Protein chains: 6
Amino acid sequence: MRLLLINPNTSESITDLVANAARRAAAPGTEIIGVTAAFGARYIGSRAAAAIAGHAALDAYARHGEGADGVMLACFGDPGLLALREASHAPVTGMAEASCHVACTLGQRFSIITGGLRWGPMLEEFVAMIGLKDRLASVRTVAPTGAEIAANPEAAYALLADACNAAIEKDGADIVILGGAGLLGIAEKIADRASAPLIDCMQATMGALEAMVRVNARKAERGPLAKAPPVETIGLPPALTKLMAD
Amino acid sequence: MRLLLINPNTSESITDLVANAARRAAAPGTEIIGVTAAFGARYIGSRAAAAIAGHAALDAYARHGEGADGVMLACFGDPGLLALREASHAPVTGMAEASCHVACTLGQRFSIITGGLRWGPMLEEFVAMIGLKDRLASVRTVAPTGAEIAANPEAAYALLADACNAAIEKDGADIVILGGAGLLGIAEKIADRASAPLIDCMQATMGALEAMVRVNARKAERGPLAKAPPVETIGLPPALTKLMAD
Amino acid sequence: MRLLLINPNTSESITDLVANAARRAAAPGTEIIGVTAAFGARYIGSRAAAAIAGHAALDAYARHGEGADGVMLACFGDPGLLALREASHAPVTGMAEASCHVACTLGQRFSIITGGLRWGPMLEEFVAMIGLKDRLASVRTVAPTGAEIAANPEAAYALLADACNAAIEKDGADIVILGGAGLLGIAEKIADRASAPLIDCMQATMGALEAMVRVNARKAERGPLAKAPPVETIGLPPALTKLMAD
Amino acid sequence: MRLLLINPNTSESITDLVANAARRAAAPGTEIIGVTAAFGARYIGSRAAAAIAGHAALDAYARHGEGADGVMLACFGDPGLLALREASHAPVTGMAEASCHVACTLGQRFSIITGGLRWGPMLEEFVAMIGLKDRLASVRTVAPTGAEIAANPEAAYALLADACNAAIEKDGADIVILGGAGLLGIAEKIADRASAPLIDCMQATMGALEAMVRVNARKAERGPLAKAPPVETIGLPPALTKLMAD
Amino acid sequence: MRLLLINPNTSESITDLVANAARRAAAPGTEIIGVTAAFGARYIGSRAAAAIAGHAALDAYARHGEGADGVMLACFGDPGLLALREASHAPVTGMAEASCHVACTLGQRFSIITGGLRWGPMLEEFVAMIGLKDRLASVRTVAPTGAEIAANPEAAYALLADACNAAIEKDGADIVILGGAGLLGIAEKIADRASAPLIDCMQATMGALEAMVRVNARKAERGPLAKAPPVETIGLPPALTKLMAD
Amino acid sequence: MRLLLINPNTSESITDLVANAARRAAAPGTEIIGVTAAFGARYIGSRAAAAIAGHAALDAYARHGEGADGVMLACFGDPGLLALREASHAPVTGMAEASCHVACTLGQRFSIITGGLRWGPMLEEFVAMIGLKDRLASVRTVAPTGAEIAANPEAAYALLADACNAAIEKDGADIVILGGAGLLGIAEKIADRASAPLIDCMQATMGALEAMVRVNARKAERGPLAKAPPVETIGLPPALTKLMAD
């Protein structure tokens, strides 16, 4: 199985970090191709950066999607998820979407812990959009951004464990997702400090995406996620121009 | 009052059409500056085109937003609305958002009629996102796109009146929004053929935006719609690069 | 444009206060006719007083509605709103309804601050009734009634600013409505003390009502808000008797 | 047990009809005092008539409530229910509220059948207000008003049975409430023609009210349904003036 | 009227306690037959025990249901409620279901206080299942189980009163249900210590069940609660084998 | 990975059928242990049979759960799911739960097609319970039960394809789950006849369960799904008695 992992921010170091985590989480025989957004923010921490990233993720898919059996949008918050699902011939999920669905099968009410204060309301809205609002206990953000946590993860362990425990004890979560590229691998490091089970977003997403691919459902020919009719565009890179025109 | 009207598709003829309708709908003394997206689809009729348009709308704001007292996202479906509201120093609304809120004060359950089949689920999701799902009777689309209707509006009168009456009689709407650039001005032409009142989306949006400006609330300094912290970007046009970096 | 402003309580001083605020908020050329309820409570602060006020608002409309282009129910809480909308030939809104819809275009989650403890649950139910529950962060009431605040507004500034900040910091509001006749004009006075933007309910409602009138949608002939069939009544004042019998 | 039955319309013949049905449905030892509204519509079939009836029901309670152990608002649609519950020292329910709650313990999804086309949306909104929207299959109205059905019930049997069966077969109801004074006693007459069980609204409401009285919960001293603080009023009948001033 | 009271746990002392409370709460002429589960937990305080109890309640009905006019599932939490309603020829309710519906007619937002920490989320889910989530202020559990409270009720008075007042003052309840066999009779003992009215779950349920029986609706022949088609089973007691095979 | 597959009905032939499908769907290295309920219905098609099956699934887990890395409740409708999740030391999912979550990542609105008319409302309630109601387009049942379809699948192809297309064209589904043991393997057979993608419930569930196991979250020690405190029971088989007493 060949999976395209799209990092919709423009930091190649993050792409490498996420792709390596993906490889560790993947089943034997799963190949990971990591690709970085060609334009936009180095780190996505606002609605504006996310809006640009939705475009950039499409562009990355246009450049590298051919031949992929599945596509992972590797930014927790999943900018452009539905547009990518519409455009892609193969199954697509994002780290936030997949993690939330997996959490719903492991617990009753989940919380999300992530870095970067602006992600709080954005993720609450995302969870509502995918219909899981009643299963969400809370989103709690810590002040360091995911990028800052990634630079020095151990410094953030105590902060993250405190956020997990606050989600559990104050918000009623019985399962907690550690979300975001910067937090990959931390769930197992702080599991002992948390009073409920923790989920690593890559471990959840990789298994979920492999499961989606194995379902082997065909691409919809009509309906809300079918490939859209061709449209003329201007000012777009060649691969995306072609994707839109097909 | 100086209002920036952003057409997030790349058809200048549509910008002219919408800006002219805006000028007719505006109060005396309101000035309309129309601006067209610099990249993206000629017509927005898919999730992919809308994702690109969200980026393009931000870019248009970055180029022309300075000095505006208010901003109208002039595509019914409002691609990038919240990102634009975050980025803008002045109040922002879109034709779909404003029309839906106005409809809720004129009727009990509203329907939306628009051109282009792909807009049906996209608009249902939009209405849910702004919290008005319980007030929505239905979204009904007609096969011609907004662009096709704009090219020959009279040919579409019967089709649109039928859609309005289906929304009223089958879906339980008591007020109907005619949405989209291509349908501007048609509400009054077919009002007599419809069994419930019709709303022209520009007339609703212009009044609503002027009202928002007159409320004179300041830009939030924090919270989900405050201007985001500066972020380094790559590959973006100069004005947008600067907006993101400020 | 000629707007009828109905004060559904029986204090003429409040009518004057609200009508003057309305005139300041109105666009040039908008004429305001203020009218006071003929029976009921001097101040509306209970469900019983609101139930009587719903009747009194209809009666006031029956006496003065002819020739109005729009009607404002000038009590924040909007007693009898839908009955008045049914009975009226012209568009109707209330200060609570209009302010909530405007708030939804200026922020993500709004709170309401008002005077009089009994209004808390009544306004929560009102917001749910108009379908905006998911956008509401909280209703916070201060102990002085609107009438008491109107008598000495400056004494209430600190109390109201504290309530605004509690709504923002504890309840998650990013936009706050100051609701009620007694609080008119206070938003701009305490804006600097509040950590999120404030909305004056009259400034929001006046613009929204003018926008509704400008939409120029006709009165529904059928459906949930059409004028009801004539019905024989007893014991009502002549104008209302006639309104019901028409 | 002494129960006050308030007919909020001004037709004494309806009061007699409803009070007689109440007496047949009551447990041994339950005494029914019927009282008719002093002002308002002969028949309540609009939002305006219902708004007036809310006031009239309070007035009737003010005149006759003393000594009652429980109060029934005997108009299916329950105009002024919460205001009456606030004002009353004794438990209060209405025929719609009680019937809906009883229906939820006898079936999974209930429909309401009643006379008078305008009641459809009004009852849908009522059911949503009491929080039972997810249990409601539909409200179906027949064209004759409750008053017209009461005048010649047998003529309406076929029409009502058809409406019941439509609710069951098309809307998914598995239990159906026949609502309204005009429909009292009809459930048992047409039970054999309906493909799901039927509920007579008086039989449901009388048992539910007796149960409420037997719970013997005291009147709340605070909170959303406590008696409101005294307020000065003008233009109201003496008993209601006193009730508001106490 | 002959009512079958099913205690789905296997403690006969609890059956006696509950049946005696039922007899005190019943109307004159109502006969109570108490029956105890033949297998399962001595006390139900987990999802596993409740799952077994749902089976045991069916079995108890199969053994003793004949001739009953109504059935009460006398465990607050109502394990197996809908299965029992499906299987039973007579109306069925449970102490949680009935109490919640009665509470909705006596207050605006109810809380539940019960013993046994595991019941908190189980009861929140139950209230959501019956569609009353929007009316629920909170479920608060105290650490002693219902069985422990029943063994020494007076020791728990202060604890329970504190829980009631926390529900009222922190969670916004204006009516509080004391739920569970162990708490029967305590509502009136601690009513004076609580700042809102309290409901004894047996007093509410007995009246509600008698009301349901008096509605005299027939058993559904089809739909979600009709008796299911016969099915072959293995390994079940004779009476239940027969019930399933009929 | 060692997965316990619990068939909660008492037909060993169904266990074999489901376990074989599970083995085909599993990743290399996944071992499937199938186990059949020791008591209850041959086929589960009612609430009563499902209630008994919830108990039987716990019993099967008590007998065979030791050493399992994951547990699949292999009846589409998942009787006793949460009780089993509480009792199990390893991750648990059911064919309905897992399929619904997977469907939400492959489409926008899913429908379920299954055999046996009684499953319609039961599955609607199940989907609501897991919080996915807003993503559900419909549940459509065909008259033959799952057992009957399993006996002669090809005879049902046309019927099932029609149901799929009705779900797509009338109910708005863009992805359809074929649910139930009897329908395993049919999705790929009729994919060409359906106008939207189809999901085989075993293929979805197997991948989802493997993903859950790979997340490697520990069993909760507290909260709504932790193992419950020990409780004395009577009348249960030895293994379940021990499970409850531990």
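None of these values were measured; they are calculated from a predicted model. Sequence lines set the chain letters: A, B, ... in the order given, protein chains first and strands last, and positions in each chain run from 1.
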Contact check, side chains of E:Phe39 and F:His55, non-hydrogen atoms, under 4.5 Å: yes
If every non-hydrogen atom of E:Leu236 is compared with every non-hydrogen atom of F:Gly40, which pair is closest and at what distance? CD2-N, 3.9 Å
Chain E contact via F:Leu240 - which portion, at a heavy-atom distance below 4.5 Å: side chain
Region of F:Ile234 in contact with chain E, defined by heavy-atom distances below 4.5 Å: both
Give, for atom CE of E:Met244 and atom OG of F:Ser46, the distance between the pair rounded to the nearest 0.5 Å. 4.5 Å
Looking only at heavy atoms, which of residues 111-128 of chain E get nearer than 4.5 Å to chain F? E:Arg118, E:Pro121, E:Glu125
The interface call for F:Met129 against chain E, heavy-atom contacts under 4.5 Å, is neither
Are there over 12 heavy-atom neighbours, none belonging to E:Lys170, within less than 6.0 Å of that residue's NZ? no
Tell me which of these, E:Asn9, E:Leu82, E:Ile44, has more heavy-atom pairs under 4.5 Å with chain F than the rest. E:Leu82
Looking only at F:Gly54, F:Ala48, F:Gly223, most heavy-atom pairs under 4.5 Å shared with chain E are made by F:Ala48
Is a donor on one side and an acceptor on the other found under 3.5 Å between the side chain of E:Arg47 and the backbone of F:Leu81? no
What closest approach, in Å, do F:Ala51 and E:Leu58 show between heavy atoms, and which atom pair accounts for it? CB-CD1, 4.0 Å
CD1/F:Ile52 to OG1/E:Thr233 distance, rounded to the nearest 0.5 angstrom? 7.0 Å
Note: vs chain F, highest number of non-hydrogen pairs under 4.5 angstrom among E:Ser11, E:Ala53, E:Pro224 is E:Pro224
Among F:Gly45, F:Ala49, F:Ala38, F:Ala226, which has the most heavy-atom pairs under 4.5 Å with chain E? F:Ala226
Please check if the side chain of E:Glu232 supplies one atom and the backbone of F:Arg42 the other of a donor-acceptor pair under 3.5 Å. no
Please determine whether the number of non-hydrogen atoms from other residues, nucleotides or ligands lying under 6.0 Å from atom NZ of E:Lys242 exceeds 12. no
Could you tell me which portion of F:Ala56 (side chain, backbone, both or neither) has an atom closer than 4.5 angstrom to a non-hydrogen atom of chain E? neither
